[in-house]
Amino acid sequence: MSLNLRELSKRSQGLAPGHRACAGCGIPVLVRLLLAVAPDPPVVVNATGCLEVVSTIYPYSAWPVPWLHNAFENAAATASGVEAAARALFARGRIRRVPKVVAIGGDGGTYDIGLQSLSGAIERGHDFLYICYNNEGYMNTGIQRSSATPPGARTTTTPVGAHGRGKLEPRKDLTEIVVAHGVRYAAQASISHWGDLAKKLQKALATPGPTFLNVLTPCQPGWDYPPEDLVEIARLAVETRYWPLYEVADGRYRLTFTPRPPLPVRAWLERQGRFRHLLDDPEAVERFQAWVDANWDRLTARLK
Amino acid sequence: MSTVVARRQGLTGNDAVALAWRQINPDVVAAYPITPSTQVVERFARYLADGEATTEFVPTESEHSAISACVGASAAGARVMTATSSQGLALMHEVLYIASGLRLPIVMAVATRALSAPLNIHGDHSDVMGSRDAGWVQLYAGTVQEAYDLSILAVRVAERARVPVMVCLDGFTLSHSLEPVLVYADDAVRAFVGEARTSGYRLLDGEGAGPLTVGPLALPDAYMDFRRALANAMGRALEVIAGETAAFNAHFGRDLPVHLEASGLEEADGALLLLGSTADVVREALAGRSSASGRIGVVRLLTFRPFPAEAVRQALSHVARVVVMDRADSLSTLGGPLGIEVRAALYGQAFPPAVTDVIYGLGGRELRARDLERLRALFQEEPVPGPVYLGVEDG
Ligand SMILES: Cc1ncc(C[n+]2csc(CCOP(=O)(O)OP(=O)(O)O)c2C)c(N)n1
């Protein structure tokens, strides 16, 4: 299938325009692309979080496909049940096709509280795609830290003050945790690189068994940037090597985009209010750069 | 009824539940092991391994995920079952409300057990009572036969009342003891449960219903209406249970009681009221005997949620004294959940019987002969507002 944006945009109604996501939110970009790329309508299982809250305020729904929300930490377990039901009902002749199940959750519902259910569902080998829309914090509850929040970032639970310097810890590498489960396809993507993201969505949907996408979706109020900078912010995360785009297919690592030359991470930091306190502290920015470089080196070492 | 009753067989409660499941052959079972319910799923997995059922089995990594998978599967239109106990049920707590709120006809067997701390694996009703307000029908078996019968009945109740159902069997006392059970022919069970009535749940059926959004956010303008609808459904469930019990009895030639079983109440001056397997023991101990204050009958509830208040009022309409036996505490200082409920049901009657609430058997503590003496003595004492703790030194 050719990935022509004009064609894709015609293919699906996507998320209905009446959803209530913030201006400058990255999530709808991802969801629209998912719905455009999926060859058949998938069944979507959504964890509690921004996406669920902005797309389904009863009696309205922005979803053109079957959609289920259970709770915060159990999207993968719920998807396991839907997938098992699909197999059972198909085997018993009660449905005519087995749809792909797509679970989608924020980084909180995936890296943290939902990690167990994600791990369990992957280990059991359910045929489903899990997408983490990663805005690096618990945004729906008012911008608290998650284990995906980068070091130094200001959140409401890692505030900046006389003593506070934002989040102290580095972020968890969830993509690697998922890869360690032995999935046949896992990838990191960004809403800024839509062609790359679309291809990864396609591959993930086409690969049987559990697959995983970790997609960077900037959050305007959480990261504090002008709404119109959404795509640019996401792009800078990639161009600075802060958020490498890569995939792991059948155990083989591949960078899907190489920033040449990479921009200094400062170029990304300085566009967001959540890092403002770091900018007049050259050492802090250096530490951040060193952390990004170390991550990059660790990743590229796996390419061989 | 020879075509219906296939045989008489020695079964434990857990075996009986697993056998019922095999005969029902649900679409999906998702579960996680915990004593004393573990064997339900072990036996069922064995049936699957032997090709005697074709259910999709999802052995999850926790009870929270087990019930979450049940919600997913049920919303997708599957007939779904699970089993658990104690901490497992407590871990499911969050999702119990979601299952009932989404009106999913999930059936769960609970081999009842104490809750930590201290850690205790033995039987009482603390776990199921902790879930009593979650919007699930709760049916309590008094025997292994009833554990089997209710497991079959529950499917029809859940799908017709459109609320999830717990079948509670006393941990160890029923889950592990062997009793003779009338086992029905597979065909008879299948004919009774019939095709899954889950057509309202069409998440997977893109062919007719179109996209369905299940489990959205509901704000104050809507949420309360959903909860009221659930309350109405629970009200109707009382009639559904009665109707389905009658259908069950007609189909299998059985005499499963509707909501409660009252025995020895004719000419009784007092009644013991309780749930589960203890009724048999108490009845046996009291049979033919009179206390100093007269004869004592026994009322055993099979239905606890929704609460069969009218049936309870009727059963107790001729007695002056009631001793309610609670196998769980509410820690309100007012008594156990059953005692509080019975008092509420009787309140406002012209001449309500006096109620004493007894808490007994926590964490598997046995009822001893002197506890039964104490029970009898209670019928002569002035009722107290708070609970009496049976079998502990200071009562
Ligand atoms: C068990 C439980 N704990 C806490 C919450 C409150 N809560 C709802 S959404 C949320 C954060 C979601 O964060 P994330 O998954 O990153 O998604 P986002 O809000 O960024 O979309 C929290 C803490 C909850 N719904 N359930």
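The chains referred to below are lettered A, B, ... by the order of the sequence lines, with proteins before strands, and numbering in each begins at 1. Values reported hereafter were calculated over all heavy atoms of this structure, with side chains retained and with hydrogens, waters and symmetry mates removed.
- Under the 4.5 Å side-chain criterion, counting only non-hydrogen atoms from C-beta, B:T54 is in contact with A:R92.
- When heavy atoms are compared at a cutoff of 4.5 Å, B:D225 does not approach chain A at all.
- A heavy-atom distance below 4.5 Å is found between the side chains of B:T60 and A:R124.
- Listed here is the closest heavy atom pair of B:L203 and A:P66: O-CB, 3.2 Å.
- For A:Y58 and B:F226, the ring centers are positioned less than 6.0 Å apart.
- With a 4.5 angstrom heavy-atom cutoff, B:S74 does not touch chain A via any of its atoms.
- The contact list for residues 46-55 of chain A toward chain B, using heavy atoms and a distance under 4.5 Å, reads A:E52, A:V53 by residue number.
- Residues B:V58 and A:H126 form a side-chain contact, since some pair of their non-hydrogen atoms from C-beta on lies under 4.5 Å apart.
- When the heavy atoms of residues 80-101 of chain B are compared with those of chain A, the residues falling under 4.5 Å are B:E94, B:V95, B:I98, listed by number.
- Put simply, the residue from A:N74, A:N70, A:V82 that forms a side chain to side chain contact (heavy atoms under 4.5 Å, CB included) with B:V71 is A:N70.
- If you measure heavy-atom distances from B:P26 to chain A, the contacts under 4.5 Å come from the backbone alone.
- The list of side-chain hydrogen bond (donor to acceptor under 3.5 Å, both in side chains) pairs with a residue in residues 98-109 of chain A, not counting sequence neighbours, reads A:K100-A:D127, A:D107-A:S146.
- Residues B:L204 and A:P99 share a closest heavy-atom pair of CD2-CG, 3.6 Å.
- At a heavy-atom cut-off of under 4.5 Å, chain A is reached by B:E195, B:A196 from residues 188-197 of chain B, listed in order of number.
- Between B:E61 and A:Q116, the closest side-chain pair of non-hydrogen atoms falls below 4.5 Å.
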